[in-house]
Peer 1: 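Below is a structure I'd like to ask you about.
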Amino acid sequence: MTAGVREEPREAVRPRTPRRLPLPTLLALLVGFAGVGYRLALLFADVPPTNSDEATMGLAALHIAHGEGFPVWFYGQAYMGTLEAYLAAPLVALAGPSGLVLRLPTLALYALFLLLSWRLTRRLGGDRWYALLVVAVLALGADRVVKNQLIAGGGYPELNPAGAALALLTVGLCVSGPGARLPRWAAWGLISGVLLWVDPLILPYVLTLGVLLVARRRREMAGRAGLVLAGALLLGAAPMLVDSIRHGRNPVTAVLAAGGSGAAADWADRLHGALVLGPPLAMGFCSPGRCATWQLWWAVAFPVLLVLAALTAWHTLRRASGRPGSAERVSAGVRLALLGGAAGVLAAYAVSNAAGQTPIESSRYLSCLAVAVPALLWPLWQAARPLAARRLTGRRQLAEVAGFGALAVLAGVLGTGASATVDVIRAAPDVHAEADRHRSLVDTLGALDVRNVRGGYWTCNRLTYATGENVVCAVVDDDLTPGFDRLPTYRREVAADPGAAWVAPAGSPLAARLDERLGTESGALDVVTVAGWRIYLPRR
């Protein structure tokens with residue numbers, strides 16, 4: 001005897017409705033694509049402007065691509081790892097040297113940062129609308145922000161995605177139950193080790209998130225998990241450790257020495273650079289190369305919000321103390337760790353000479369403050385959300401004031417960031433024109449069959465990379481004495497060429513000094529002028 005199975009007519013079978021992304025998630029995806037697309041458009045417009053430091057990383061990528069060397073450190077120093085060069089080397093091998101191929105990996109790192117920040121916001125208890133807000137803030141791109149994210153000058157584009165990844169891994173390790181987490185422990189250790197090699201600027205986040213892991217999972221860390229984490233950390237930091245052992249170098253000393261050279265800056269200048277100029281520049285509220293007075297409002301809002309967010313996270317921790325494994329308690333702990341990391345980054349910058357000596361340029365040291373954005377804006381969202389949802393209860397008047405205040409600050413964040421982003425777009429044609437002038441210089445040197453030149457620091461490696469080492473440049477100072485060559489082999493090659501030329505930007509002190517050597521007598525120089533540059537050729 002067989003049992004029949006009732007068959008429904010084909011017409012009665014309802015087709016499955018395809019799942020649609022929730023509206024805030026779809027909007028976050030569109031805003032993320034807009035942020036990446038904006039930066040890609042900047043790259044095609046040669047924005048942000050390149051320099052010889054970025055070209056130095058390009059030369060490392062070129063050497064790796066050709067199998068001529070595998071540098072551990074940025075040429076000419078014993079700190080700042082060359083991860084960006086290794087990421088760009090396959091593209092350089094395929095397409096040849098250019099600013100675009102050098103920056104495509106950094107653009108990918110930025111896209112990864114957006115994705116990880118969205119996911120981190122959701123894991124920390126934020127709803128989809130708040131995650132959209134975080135993505136919108138991070139999609140804006142003021143001058144200092146796009147420089148930190150896109151210039152492959154060493155140590156900055158990779159910090160933010162790595163910091164967000166560490167925070168996400170910390171959430172996962174603290175929330176999930178024991179066992180079956182060794183890959184996460186390994187990933188946490190590997191990322192931390194790589195960061196120690198690449199750039200220790202993000203070390204405050206590593207420490208605060210590490211303290212949270214110890215507090216939550218110390219028993220596991222005393223066993224296999226701790227061994228896996230330590231082994232992965234050593235693997236990630238292996239380039240630094242091996243090089244330090246082989247050459248007797250101390251990268252910590254080199255990093256500390258890079259915090260500012262020359263005469264020590266006074267504390268007033270340091271605090272002004274770190275607390276007044278630093279946060280607005282780092283968070284993308286300032287115009288290219290400067291901060292207008294009205295753009296400095298974030299200098300007041302940032303420390304207030306940092307303290308308020310920390311108090312909110314601490315209150316949540318205390319309230320959920322009876323539920324040690326709850327997601328709410330873990331989220332509050334990670335938010336507190338992120339805020340502690342941001343405070344540590346700011347404090348380390350404030351005590352450096354760079355904050356007082358070169359605050360506009362050295363504000364790049366604060367680039368990883370962006371990692372804490374999901375935690376930093378949380379109190380504002382908590383205050384504004386009931387107002388937006390019309391769910392005010394209890395002390396209605398106080399809640400309304402707090403809600404409107406929070407909305408005003410959030411609007412200020414988006415509005416100021418958007419204004420600074422527009423300033424970058426307005427400046428793009430001038431930056432592109434300067435890049436075109438440099439390409440004309442490269443073409444002219446090729447037409448003149450010049451292979452060896454002398455020039456200023458900000459000329460040399462940029463020129464050498466742009467030509468794929470067809471033109472080799474040795475650095476000279478404005479008084480024509482030898483300058484700082486990151487690759488001494490270039491100086492030796494130029495010194496061996498009696499017909500080596502000189503290159504200087506028109507109107508520069510170096511050009512003025514070389515103009516004194518123009519003439520008809522033996523040993524004088526002839527000059528060829530090309531689009532903002534002067535090429536000085538020895539008279540034959």
Side-chain angles (χ1 to χ4, degrees), residues 46 48-63 71 73-80 82 84-85 97 99 102 147 151-156 254 257-263 289 353-354 357-358 360-362 364-365 431 434-435 437-442 445 450-495 497 500-517 525 530-536:
D46 300 301
T50 189
N51 55 46
S52 273
D53 281 347
E54 183 176 30
T56 300
M57 190 66 76
L59 290 169
L62 187 67
H63 298 159
W73 303 116
F74 195 78
Y75 286 137
Q77 59 194 44
Y79 66 95
M80 197 157 64
T82 49
E84 292 162 21
L102 196 56
K147 285 178 178 176
I151 293 179
Y156 301 104
S261 57
N353 282 331
Q357 293 171 344
T358 56
I360 297 295
E361 183 60 29
S362 66
R364 66 187 185 275
Y365 297 151
V431 177
E434 191 281 328
R437 290 192 292 269
H438 192 269
R439 283 187 278 267
S440 297
L441 169 67
V442 171
L445 289 173
V450 173
R451 291 292 177 264
N452 295 289
V453 301
R454 295 179 177 89
Y457 176 84
W458 297 111
T459 297
C460 269
N461 280 2
R462 180 184 179 187
L463 182 58
T464 303
Y465 174 68
T467 63
E469 295 186 306
N470 287 328
V471 174
V472 171
C473 184
V475 178
V476 293
D477 293 330
D478 291 340
D479 59 0
L480 307 187
T481 59
F484 174 49
D485 286 288
R486 289 191 174 275
L487 289 96
T489 55
Y490 292 165
R491 173 163 299 281
R492 292 192 290 269
E493 184 173 339
V494 172
D497 181 5
W502 303 74
V503 174
S508 66
L510 179 58
R513 187 64 179 267
L514 289 169
D515 284 342
E516 298 174 359
R517 298 180 56 180
L525 299 175
V530 50
W533 292 89
R534 290 171 72 80
I535 303 171
Y536 299 87

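Since we're looking at a predicted model, the values are computed, not measured.
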Peer 1: To the nearest 0.5 Å, tell me how far Ser508 OG sits from Trp533 CH2.
Peer 2: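 Atom-to-atom, Ser508:OG and Trp533:CH2 are 8.0 Å apart.
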
Peer 1: Hey, does the side chain of Thr464 reach the backbone of Val472 with a donor-acceptor pair shorter than 3.5 angstrom?
Peer 2: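 No.
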
Peer 1: For Ile151 and Glu54, work out which heavy atoms get closest and say how close.
Peer 2: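 Smallest heavy-atom distance, with atoms named: CA-OE2, 3.6 Å.
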
Peer 1: So, for Tyr490 and Ala474, which heavy atoms are closest and what is the spacing to 0.1 Å?
Peer 2: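 Scanning both residues completely, I find the closest heavy atoms to be O-CB, 4.5 Å.
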
Peer 1: Can you name the nearest heavy-atom pair linking Thr459 to Pro505, along with the distance?
Peer 2: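 In terms of heavy atoms, the two residues are closest at OG1-CD, 4.2 Å.
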
Peer 1: Considering only heavy atoms from C-beta outward, does the side chain of Asp46 approach that of Arg439 to under 4.5 Å?
Peer 2: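 Yes; the side chains approach each other to less than 4.5 Å.
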
Peer 1: Side chains of Leu102 and Glu84: does their closest heavy-atom pair fall under 4.5 Å?
Peer 2: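 No. Closest side-chain heavy atoms not under 4.5 Å.
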
Peer 1: State, with a plain yes or no, whether a side-chain heavy atom of Val494 is found less than 4.5 Å away from one of Val453.
Peer 2: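 No, every pair of side-chain atoms sits at 4.5 Å or beyond.
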
Peer 1: Restricting to non-hydrogen atoms, name the atom on Arg534 and the atom on Asp515 that form the minimum distance, rounded to 0.1 Å.
Peer 2: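 Shortest heavy-atom contact: NH2-OD1, 3.0 Å.
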
Peer 1: Any side-chain heavy-atom pair from His63 and Tyr75 closer than 4.5 angstrom?
Peer 2: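 Side-chain contact under 4.5 Å: yes.
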
Peer 1: Closest heavy-atom contact between Arg513 and Leu480?
Peer 2: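 Looking at all heavy atoms of both residues, the shortest contact is CG-CG, 3.8 Å.
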
Peer 1: Let me confirm one number: the CG-CG distance from Asn452 to Asn470, rounded to the nearest 0.5 Å.
Peer 2: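 So the gap between those two atoms works out to 11.0 Å.
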
Peer 1: Tell me every residue that passes side-chain hydrogen bond (donor to acceptor under 3.5 Å, both in side chains) with Arg486, counting only those two or more places apart in sequence or in another chain.
Peer 2: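 Only Gln77, Tyr457 meet the side-chain hydrogen bond (donor to acceptor under 3.5 Å, both in side chains) criterion with Arg486.
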
Peer 1: Among all residues two or more places apart in sequence or in another chain, which pass the ring pair (Phe, Tyr, Trp, His ring centres under 6.0 Å) test with Phe74?
Peer 2: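 Not a single residue meets the ring pair (Phe, Tyr, Trp, His ring centres under 6.0 Å) criterion with Phe74.
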
Peer 1: For the pair Asp479 (side chain) and Thr481 (backbone), establish whether a donor and an acceptor sit closer than 3.5 Å, ignoring hydrogens and angles.
Peer 2: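 Yes, the answer is positive, given that a donor and an acceptor are paired below the 3.5 Å cut-off.
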
Peer 1: Kindly give the heavy-atom pair with the smallest separation between Tyr365 and Ala354, and that separation in Å.
Peer 2: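 Looking at all heavy atoms of both residues, the closest pair is CE1-CB, 3.8 Å.
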
Peer 1: Please report the interatomic distance CG(Asp485) to SG(Cys473), rounded to the nearest 0.5 Å.
Peer 2: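 Taking CG in Asp485 and SG in Cys473, the distance rounds to 8.0 Å.
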
Peer 1: For the CG atom of Leu525 and the CD1 atom of Ile535, what is their distance to the nearest 0.5 Å?
Peer 2: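 If we round to the nearest 0.5 Å, Leu525:CG and Ile535:CD1 are 12.5 Å apart.
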
Peer 1: For residues Thr82 and Met57, determine if any side-chain heavy atom of one lies less than 4.5 Å from a side-chain heavy atom of the other.
Peer 2: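 Thr82 vs Met57: side chains touch.
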
Peer 1: Between Tyr465 and Thr50, is any pair of side-chain heavy atoms under 4.5 Å apart?
Peer 2: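 Not in contact.
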
Peer 1: Should Asp53 and Trp458 be marked as a side chain to side chain contact (heavy atoms under 4.5 Å, CB included) after you check the CA-CA gap, both sets of side-chain angles, and the distance that decides it?
Peer 2: CA-CA 8 Å; Asp53 281 347; Trp458 297 111; 3.6 Å; yes

Peer 1: Report yes if the side chains of Asn461 and Leu487 come closer than 4.5 Å at any heavy-atom pair, otherwise no.
Peer 2: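 Contact flag for Asn461/Leu487 side chains = yes.
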
Peer 1: Do Thr467 and Leu445 have side chains that get closer than 4.5 Å, going by heavy atoms?
Peer 2: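 With C-beta onward as the side chain, the pair stays apart.
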
Peer 1: Is it true that the side chains of Arg364 and Tyr156 contain a donor and an acceptor less than 3.5 Å apart?
Peer 2: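 Yes.
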
